[in-house]
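First comes the structure, then the notes that go with it.
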Amino acid sequence: MNAWIPSPMAAATRYAIKTLDLLFVDSDLTRRRNSRSHCAAAATNTCEDLICRLSSIAKRFHGPLSPPPPPPPGAKPRRRHPYHYHALMKAFSRAGHSDEVLRLLRDMKESGCKPNLLCYTTAIHSLVISNRPSEAQSLFQEMLMNGVHPDTTSFSILAKSLAFHLKHFDSALTFLGCMVKNGSEPDVVTYSSLIAGFCRAGLVDDALKMFNIMHELKCTPNAHTFTPIIQFYCSRGEIRMARRILDYMHYYSIVPDAVAYNVFVQALCQARQFEQVETLLRESDENGWMPDSVTYNTYINGLCKAGRVDDAFDQLEVMLGKGFHPTAVTLSILLNLLCSESKVVQVKSLLENSVLLGWFIGTDGYNTVMSRLCESGQWVAALKLFADMVKKGVNPDTHTFNIVINSLCKGGKLGVAKCMVRSQGFIADSVTYNILYCAFQTAGRIDEFHDLFSNMGLLQDSVTYNIVIDYLCRKGRYSEAIYFLRTLEDSFSPDVVAHLTFGLVKGGKLGEVLSLFRDMLDRGLVIDHCIFNSLIKAFCLKGSCGGMGIYKLYVVLDVMLGIRLILRQLLCEKCNKH
DNA sequence: CTAGGGTTAG
C-alpha cells in the first residue's frame, strides 16, 4: 500500500532478520528443523531474499531516482513554494514519519525556500504526536528566532503537548498566559485540549474549572470539549454521570457526535449492558448521530470479551452490511478472539491467506498474533511469525520490535535483544525500555543494563518507575524506594505513589506510608482513588482486614482523607471565635 | 489553496 514510503525501521529489520537467522542456525530448534533439511534451506534462502528485497526498496527511495522528464522547451523552471513542501510534510506527519517531516524542513531551508508558519506548525505537530516534546519546543524556539510569529493554532499544539502528553499543567497554564500576552487568544480547541489533558490525568475538577473559564470568556464549547469529561466518568464506570452529560449536551443543542457516543458505548460494554448498546444504536437516527466503524469495533470487542462470540459475529455482519470495511482494529479484535480460543493454526492460515479473503492484514494484525504467542510462552513461534511478516512485505514497527525483544528475553537471549535495540535505525519507546529493564533485573544483570543504555536516551515513563519501586520493595530496600520516588521530576504522580504504597503496606511499613501521605497533604497534593484502591488491596492481601489489623487501616485512611487536617481547621476556627 | 482538539485492540 505504502510501498514507496520506507519503513523507518528498515535497517533495524535487516539486522533483526540476519540475527534471528543466526540464532536459529545455532539453536536446538534449527537442529530439529534440519531433520527436514530442505525446509531449513528454503527458509535461509528466503531470509537472504528478504534482505535483498528490503535493501532494494531502501535504495529505490534514498538512492538516485530515475531522471525527471525533461522540461518542455521554453518552459520556465517552476519555483518551489512552501505549499508544496507543506502538502508533503502533512502526508508524512499523518503516516507518523516525523523524521521525514524534519528532513523536508531541512531541505526547504537548504534550497533557499523559507519555511512559513504552516510548515513550522506541521513539523512541530508531527514531533508532538511522535512523542518528541523537547524537539518540538526547540523547533518552536527556532521558528521565533527566524521571525515567524506564532498564532493560536501553533500555540495550542504546544499547550497540548505540555498538558496532554507531559502532564505539566502548571507550565501549560503559564503558556496560556504567554499566548494572551502575544496577542493570540486561546480558542475552543486550546481549551478543549487542556480539558482533555486534565481529564486524562484524572483531574476532573480542574477540567471543570477550565470549562467555567471558557464559559466566562464566552467561548462556546463543542463535542470535543465534552468528550473527555464523558470519558472521565466512563473510565470510572459512572455511567449515570456520563449519560447526564450527554443529556446536558442535547439540552444546550451541542449535539454529541459518534465519538462522544463511542466513549459511552465503550463504558456500556464494559458494564456488559449490551441491551443498552442496542437501544442506543436503534435510536441513533433520532439522536442525530451515525454509528461508525469505531462504534462497531467497540461493540464487537465488548461482546468478544464477554464470551458472546456468536453475537460478535452477528455484529460484524451488521457492520459489513452497512458498508463499513473491517479496519485494522476490527481484524485485531477478531485475531485476538481466535487466539484466545487457542485457534493458533487457523489464525496462521488467516494471516497467510488474508489477501485472498480480501482483507489486508498488516502490521497491527501480525503484532496482535505475535503478542498472544509471546504471552503464552510460544516465543519461538512469535519470532518465526516476525520472519513471515517481513517476508510478506509487511513493515514492522516499534510495537513489533517490542514483541520480538520480549520474546528473545523470555527465551533467555538477552544478548541478542541487546544488540537488536542498539542496531542502526532502531526506534525505541518507553515500552522497549521497560521490557529490557525487567529482563536484565530478573537476570541479576541490572548494572550491565545501566552501562549499556544510560546514554542511549531511551524513554522512561511511570511504568519504569513502578518496576524500579517493585524491585526495591521486593528486596526490602524500602527507604531507597521512598528516596527514589522523591528524586523523580514529577515526584508524587498518583500512579507511582499507588505502587509504592502497595509495596510498603505489603512490607508492613505503615509508619513510612503515613509520613508519605502527610508529606503529600502538606504540599497540597491530592491522594486520588488509585492510591486508595492500591492501599486497600495491599491490606486485604496481607489479611489485615480482620481483628486489630482493621484499626491500622482506619488510621491510615484517616490520614489519607485528611480528617485530622479538617479537624485541626475546625478547632482553630472555634478557638478564634471564642 | 494549505494547520491544531475528543473514541475503538494490543
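Sequence lines set the chain letters: A, B, ... in the order given, protein chains first and strands last, and positions in each chain run from 1.
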Handout entry: Aromatic plane relationship, A/Tyr433 with A/Tyr437 - under 30° parallel, 30 to 60° tilted, over 60° perpendicular
Key =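 The arrangement is parallel - the two ring planes meet at less than 30°.
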
Under 4.0 Å between any heavy atoms, over every strand shown, what does [X] touch: base, sugar-phosphate, or nothing? Just pick one.
X	result
A/Val265	nothing
A/Glu375	sugar-phosphate
A/Ser192	base
A/Thr121	base
A/Ala223	base

Practice task
Answer yes or no: is there a side-chain heavy-atom contact under 4.5 Å between A/Asp388 and A/Lys392?
Solution key: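 The answer is no; the side chains never approach within 4.5 Å.
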
Practice task
Side-chain contact test, heavy atoms from C-beta onward, threshold under 4.5 Å: evaluate it for A/Pro256 versus A/Phe226 and give yes or no.
Solution key: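 No; the side chains remain at least 4.5 Å from each other.
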
Tell me the closest heavy-atom pair linking [X] and [Y], and the distance in Å.
X	Y	answer
A/Ile361	A/Gly365	CG2-CA, 3.7 Å
A/Pro150	A/Met143	CB-CE, 3.7 Å
A/Phe426	A/Ile405	CZ-CD1, 3.6 Å
A/Leu414	A/Ala439	CD2-O, 4.1 Å

Practice task
Would you please say whether a donor-acceptor pair under 3.5 Å links the side chains of A/Asp397 and A/Thr400?
Solution key: yes

Handout entry: Flag for A/Ser98-A/Ser126: side-chain donor and acceptor within less than 3.5 Å
Key = no

Problem - Charged N-O contact under 4.0 Å between A/Asp247 and A/Arg244 - result: no

Handout entry: Backbone of A/Val180 reached by a side-chain donor or acceptor of A/Ser184 within 3.5 Å
Key =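 Flag not set: sc A/Ser184 to bb A/Val180 has no pair under 3.5 Å.
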
Tell me, which of [range] have any heavy atom that sits under 4.0 Å from an atom in DNA chain B?
range	value
residues 245-263 of chain A	A/Asp257, A/Val259, A/Ala260, A/Asn262, A/Val263
residues 142-154 of chain A	A/Asp151, A/Thr152, A/Thr153
residues 318-338 of chain A	A/Val329, A/Ser332, A/Ile333, A/Asn336

Exercise for the section: At the 4.0 Å heavy-atom cut-off to chain A, mark where contacts on DNA chain B begin and end, going 5' to 3'. Expected result: B/dC1 to B/dG10

Problem - Sequence neighbours excluded, every pair satisfying ring-ring contact (aromatic ring centres under 6.0 Å, His included) that has a member inside residues 255-285 of chain A - result: A/Tyr261-A/Trp289

Completion exercise
residues 305-324 of chain A vs salt bridge (charged side-chain N to carboxylate O under 4.0 Å, His left out), sequence neighbours excluded, gives A/Arg308-A/Asp311

